[in-house]
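Computation of the quantities below employed the complete heavy-atom set of this structure, encompassing side-chain atoms and omitting hydrogens, waters and symmetry-equivalent molecules.
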Amino acid sequence: MVEMTIKLIALDMDGTLVNHEGEVSRENEKAIQRAKEKGIHVVLSTGRSLRNCREISDQLGRSSYLITVNGGEIYDHEYNLVDSTPLDRELVKMLWSLKEEHDIYFWSSTTQGIFNTHNPFDQEIDAYDWLKFGFDIKEEEVRKVVMDELMENKKLEITNSSPTNIEINPAGVNKAAALVKVCEWLDLSMEEVMAVGDSMNDIAMIRESGFGVAMGNAQEKVKKAADWVTGIHTDHGVAQAIDRVLTSNEFK
């Protein structure tokens, strides 16, 4: 039995909480409700923007906070924005130049909306408030060239949410940093957090939480960083992790 007292559970969404159809299984939903009934905060910590996760947040019942765009924005239980870290427009211009140079698929989150190669923005870059920028690059050689260039820029936080994509936030913006803020507001420590995820944008919160859990379908680096590996996301791995914590809490 792992000895721990968990008071906050942070859950990634894609590849973790939701299945291939983007739905939360009844098993996962019931486990979340069991945790809430025990007084545990359950916080979604996602790379998605608010508009792309609010429906699931409502379905699960509002929590104390909601972390979006990899920590770029944090909302309270009434969806009031309480923290935001924008991506500098000059950095976005550089990222756009990379996109043009390599002719690669891009996607982005701004406070004005979500844009990508199929739904491009129609004004100048300076007209938007940028939160996150990303690429999806199937060609491994091209992805390496782009990644190498990005990694040289110390103003950027580079992660991914799948093996072929690259997610870019301002330096220092990640899910772990956002969870530290949430813990301060709730008078908790990171030792009292269980963080669950599957990709590189989850690795910081998995490493820095008291109990870091990787999904069975997680990238190998994420599994190596975790304290424990649960089931895959299509086999209710989140529910398995929550039940392990609830059992451990009861024996404390």
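- When hydrophobic clusters are built by joining Ile, Leu, Val, Met, Phe, Trp and Tyr residues whose side-chain heavy atoms come closer than 4.5 Å, directly or via intermediates, V82 is grouped together with L8.
- To the nearest 0.5 Å, the span separating CD1 on I166 from CG on L156 amounts to 11.0 Å.
- Taken from CZ in R54 to CG in L66, the straight-line distance is 9.5 Å, to the nearest 0.5 Å.
- Contact of the S84 side chain with the L131 side chain is registered, since non-hydrogen atoms from C-beta on lie closer than 4.5 Å.
- In this structure, T110 contributes its side chain and G113 its backbone to a donor-acceptor pair below 3.5 Å.
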Query raised in the report: Are E29 and R26 close enough, and set up right, to give a salt bridge (Lys or Arg N to Asp or Glu O under 4.0 Å), and what steps lead you there?
Result: CA-CA 5 Å; E29 185 172 355; R26 284 187 57 81; 5.7 Å; no

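- Closest approach of S25 and H236 over heavy atoms only: OG-ND1, 3.0 Å.
- K36 places no side-chain N or O within 3.5 Å of a backbone atom of V42 that could act as its donor or acceptor partner.
- With rounding to the nearest 0.5 Å, the separation of OG1 in T85 from CG in N70 is 12.0 Å.
- For the residue pair Y75 and S57, no side-chain donor N or O sits within less than 3.5 Å of a side-chain acceptor on the partner.
- Side-chain contact between W185 and D76 is absent, with no heavy atoms from C-beta onward closer than 4.5 Å.
- Considering only heavy atoms from C-beta on, L11 comes within 4.5 Å of I32 through its side chain.
- Between L246 and I40 the shortest side-chain heavy-atom distance falls below 4.5 Å.
- For the pair E192 (side chain) and S189 (backbone), a donor-acceptor distance under 3.5 Å is present.
- The hydrophobic clustering, which links ILVMFWY residues whose side-chain heavy atoms are closer than 4.5 Å, places I6 and L186 apart.
- With salt bridges taken as basic N to acidic carboxylate O contacts below 4.0 Å, one links K181 and D83.
- A pairwise comparison of heavy atoms in S161 and Q219 identifies C-NE2, 4.4 Å as the closest pair.
- A donor-acceptor distance shorter than 3.5 angstrom exists from the side chain of Q112 to the backbone of D129, with no hydrogens or angles considered.
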Report task. Could you walk me through whether V43 and S64 pass side-chain contact (heavy atoms from CB on, under 4.5 Å), step by step? Result -> CA-CA 7 Å; V43 173; S64 47; 4.2 Å; yes

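- By the 6.0 Å contact criterion, CG on N80 is enclosed, its count of non-hydrogen atoms from other residues, nucleotides or ligands being greater than 12.
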Requested in this report: Go through the steps for H233 and V238 under the test side-chain contact (heavy atoms from CB on, under 4.5 Å), then give the verdict.
Outcome: CA-CA 7 Å; H233 68 306; V238 163; over 6 Å; no

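- Pairing each heavy atom of V196 with each of M215, the nearest pair is CG1-SD, 3.6 Å.
- The backbone N or O of G61 lies less than 3.5 Å from no partner atom in the side chain of Q33, so there is not a single donor-acceptor pair.
- When each of F133, Y128, Y105, W107 is tested with F115 by the rule ring-ring contact (aromatic ring centres under 6.0 Å, His included), just one qualifies, namely Y128.
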Query raised in the report: Please walk me through it: do I74 and V182 pass side-chain contact (heavy atoms from CB on, under 4.5 Å)?
Result: CA-CA 9 Å; I74 306 174; V182 168; 4.2 Å; yes

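- Side-chain contact check for I9 versus H41: every heavy-atom pair is 4.5 Å or farther apart.
- Residues M94 and N153 form a side-chain contact, since some pair of their non-hydrogen atoms from C-beta on lies under 4.5 Å apart.
- L91 and F121 end up in the same hydrophobic cluster when Ile, Leu, Val, Met, Phe, Trp and Tyr side chains are linked at under 4.5 Å.
- Residue R62 holds its CZ atom at 13.0 Å from CG of L44, rounded to the nearest 0.5 Å.
- With hydrogens and angles ignored, the 3.5 Å screen pairs a side-chain donor or acceptor of N116 with a backbone N or O of H118.
- Of the possible donor and acceptor atoms, one in the side chain of K175 sits under 3.5 Å from a partner among the backbone N and O of S45.
- The distance from atom CD of E139 to atom NE2 of H102, rounded to the nearest 0.5 Å, is 11.5 Å.
- Looking only at distances, a side-chain donor or acceptor of R89 sits under 3.5 Å from a matching main-chain atom of D126.
- Within a 6.0 Å radius of CD in E140, no more than 12 heavy atoms belonging to other residues, nucleotides or ligands are found.
- Interatomic distance, E100 CD to L95 CG, rounded to the nearest 0.5 Å: 12.5 Å.
- In this structure a side-chain-to-backbone donor-acceptor pair under 3.5 Å is present from W130 to I125.
- Between V222 and M200 the shortest side-chain heavy-atom distance falls below 4.5 Å.
- The only option from T68, D12, D14 that meets the side chain to side chain donor-acceptor pair (under 3.5 Å) definition with R48 turns out to be D14.
- Hydrophobic cluster membership differs between V245 and M190, with clusters built from Ile, Leu, Val, Met, Phe, Trp and Tyr side chains linked at under 4.5 angstrom.
- The two atoms that bring A31 and I242 nearest to each other are O-CG2, 3.5 Å, heavy atoms only.
- D243 places no side-chain N or O within donor-acceptor distance of the main-chain N or O of Q240, the cut-off being under 3.5 Å.
- Of all non-hydrogen atoms in K138 and D136, the two that sit nearest each other are NZ-OD2, 3.0 Å.
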Requested in this report: Evaluate the criterion side-chain contact (heavy atoms from CB on, under 4.5 Å) for residue pair M13 and I56; output intermediate values, then yes/no.
Outcome: CA-CA 9 Å; M13 289 182 63; I56 287 176; 3.5 Å; yes

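- Side-chain heavy atoms closer than 4.5 Å link hydrophobic residues (I, L, V, M, F, W, Y) into clusters, and following such links, even through other members, never connects V173 to L50.
- Annotation: cation-pi pair K93/W96 absent, no NZ/CZ under 6.0 Å from the ring centroid and within 45° of its normal.
- Nearest heavy atom pair, residue C183 against residue V193, reads SG-CG2, 3.5 Å.
- Using a 4.5 Å heavy-atom cutoff, the side chains of N119 and I114 are not in contact.
- Partner of N165 under the side chain to side chain contact (heavy atoms under 4.5 Å, CB included) criterion, chosen from N201, N160, I137: N160.
- Under the salt bridge (Lys or Arg N to Asp or Glu O under 4.0 Å) criterion, E208 pairs with no residue at all, not counting sequence neighbours.
- Atom CG of D58 has more than 12 neighbouring heavy atoms from other residues, nucleotides or ligands inside a 6.0 Å radius.
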